[in-house]
Trainee: 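My structure is below; once you've seen it, I'll send some questions.
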Amino acid sequence: MLVICRRMTLETEVRFPALRPMSRRRAVKLLVKFWRSRRVEVFCPKLWPPRKPPTVWSKQTGRRLFCRTQPLPPETSEVPGALAGAETAPAEAPPPKTDRQSFYDLNFNELDRDLTAEERQEWNSIYASYRGRSALTETIIGVDPHSITVRNGDSGKMERQTMYCAIVIPYRVRVVIPASEMWELGHERPDFVLQNMVGASIDFIIIKVDRESGFAIGSRRLAARSQRYFFAHRPALCREGARLKCRLLSVGPGAVWWSATATTST
């Protein structure tokens with residue numbers, strides 16, 4: 001007689017001596033005895049053609065035991081296609097941090113530990129302008145060509161371009177203001193206008209800080225936009241006959257550029 005036993009995921013064959021014909025009662029007793037000793041789930045092939053499976057009562061648990069006439073389906077360790085694809089799929093790389101996120105991750109206590117009082121005040125004003133979009137007022141000390149990365153207004157992609165940049169140094173930190181951040185879109189001025197702006201006093205907002213390298217990038221365009229909003233909501237400054245202060249920006253051949261209420265005129 002052949003009895004196939006299943007325990008966990010292993011299958012073993014146990015052969016009982018068949019020296020003489022075995023009765024139904026003896027076969028059931030052997031199956032129950034084997035089940036009690038090994039504590040496994042037992043099923044047997046077709047030992048006899050009974051009309052219904054015999055009923056066996058367990059002495060330990062008192063539950064009814066059945067001798068199955070058909071083997072259990074084999075257990076497979078295959079994973080469904082959806083789960084397999086989810087497990088084998090590579091983990092998505094985290095998106096790169098933006099300039100503002102990288103700025104807030106810096107340890108300012110460690111970076112500003114050895115600064116003097118003047119340098120600390122300078123960096124604090126730059127931090128405040130970058131965080132709160134407050135305007136700073138300084139004088140342009142030079143205009144130099146620089147290769148910087150700017151966003152293309154048509155395609156929206158970042159491109160490397162060489163353009164003139166105004167240089168502002170409040171105390172020791174170098175603040176660069178590109179030509180693309182000097183004028184409003186659609187109101188650009190020629191390059192010689194920016195080159196002749198050395199010594200002019202302008203307002204700007206810090207849009208990027210590279211603390212480790214010790215420089216920042218400013219935008220006069222954003223500062224002018226904020227000031228125009230301020231003047232537009234002050235009726236006393238917009239009425240006829242009101243006197244306003246003007247700033248002389250640049251002097252060229254046959255033209256003068258000046259700024260009033262954050263508006264550049266010729």
Trainee: Return the set of residues passing side chain to side chain donor-acceptor pair (under 3.5 Å) with Asp203 (not counting sequence neighbours), or none when no residue passes.
Mentor: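 Asp203 satisfies side chain to side chain donor-acceptor pair (under 3.5 Å) with Thr137, Gln227, Arg247 once adjacent residues are dropped.
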Trainee: Verify the neighbour count for atom OH of Tyr229: are there more than 12 heavy atoms of other residues, nucleotides or ligands below 6.0 Å?
Mentor: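 Counting other residues, nucleotides and ligands, OH of Tyr229 stays at 12 neighbours or fewer.
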Trainee: Measure the CZ-OG distance between Arg189 and Ser250 for me, rounded to the nearest 0.5 Å.
Mentor: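 Answer for the CZ-OG pair, Arg189 versus Ser250, is 10.5 Å.
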Trainee: Could you go through residues 129-136 and list every donor-acceptor pair under 3.5 Å that involves a side-chain atom there, pairing it with any protein atom two or more places apart or in another chain?
Mentor:
from   : atom 1 : to     : atom 2 : distance (Å)
Ser129 : OG     : Ser134 : O      : 2.7
Ser129 : OG     : Ile206 : N      : 3.0
Tyr130 : OH     : Arg100 : N      : 3.4

Trainee: Looking at Lys97 and Ser102, what are the two nearest heavy atoms and their distance?
Mentor: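 Heavy atoms of Lys97 and Ser102 come nearest at CB-OG, 3.8 Å.
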Trainee: Considering non-hydrogen atoms only, spot the tightest contact between Pro178 and Gly218 and give its length.
Mentor: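 Scanning both residues completely, I find the closest heavy atoms to be CD-O, 3.7 Å.
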Trainee: Which pair of non-hydrogen atoms, one from Ala255 and one from Trp257, has the smallest distance, and what is that distance?
Mentor: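 So the two residues come closest at CB-CH2, 3.6 Å.
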Trainee: Nearest 0.5 Å please: distance from the CG atom of Leu194 over to the CD1 atom of Ile140.
Mentor: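 Interatomic distance, Leu194 CG to Ile140 CD1, rounded to 0.5 Å: 6.5 Å.
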Trainee: If every non-hydrogen atom of Val251 is compared with every non-hydrogen atom of Asn196, which pair is closest and at what distance?
Mentor: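 Looking at all heavy atoms of both residues, the closest pair is O-ND2, 3.5 Å.
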Trainee: Hydrophobic clusters here meaning ILVMFWY residues chained together by side-chain heavy-atom distances under 4.5 Å, can you tell me if Ile207 and Tyr127 are in one?
Mentor: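 The answer is no; the residues belong to distinct hydrophobic clusters.
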Trainee: Determine the minimum heavy-atom distance between Leu249 and Ser259, stating which atoms define it.
Mentor: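 Taking Leu249 first and Ser259 second, the nearest heavy atoms are CD1-CB, 3.8 Å.
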Trainee: Please answer whether the main-chain N or O of Tyr171 pairs with a side-chain N or O of Glu122 as donor and acceptor at a distance below 3.5 Å.
Mentor: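 Yes; judged by distance alone, with no hydrogens or angles, the pair exists.
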Trainee: Tell me whether the centres of the aromatic rings in Tyr164 and Phe192 are closer together than 6.0 Å.
Mentor: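 That pair fails the under 6.0 Å test.
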Trainee: Return each pair, listed once, that meets salt bridge (Lys or Arg N to Asp or Glu O under 4.0 Å) where at least one residue sits in residues 167-182; pairs must be two or more places apart or across chains.
Mentor: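 Passing the test, one end in residues 167-182: Glu119-Arg172, Asp144-Arg174, Glu181-Arg221.
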Trainee: Are more than 12 heavy atoms from other residues, nucleotides or ligands located less than 6.0 Å from atom CD of Glu188?
Mentor: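 Counting other residues, nucleotides and ligands, CD of Glu188 exceeds 12 neighbours.
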Trainee: How about Ile177 and Ile202: do any of their side-chain heavy atoms sit closer than 4.5 Å?
Mentor: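 Result yes, sub-4.5 Å side-chain heavy-atom pair found.
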Trainee: With rounding to the nearest 0.5 Å, note down the distance linking CH2 in Trp123 to CG in Asp112.
Mentor: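 Reported to 0.5 Å precision, the distance equals 8.0 Å.
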Trainee: Locate the shortest heavy-atom distance separating Arg220 from Met182; write the atom from each residue and the value.
Mentor: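 Closest pair (atom of Arg220, atom of Met182, distance): NH1-O, 2.9 Å.
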Trainee: So, does Arg211 use its side chain to make a donor-acceptor pair with the main chain of Leu111 at under 3.5 Å?
Mentor: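 Confirmed, Arg211 side chain pairs with Leu111 backbone.
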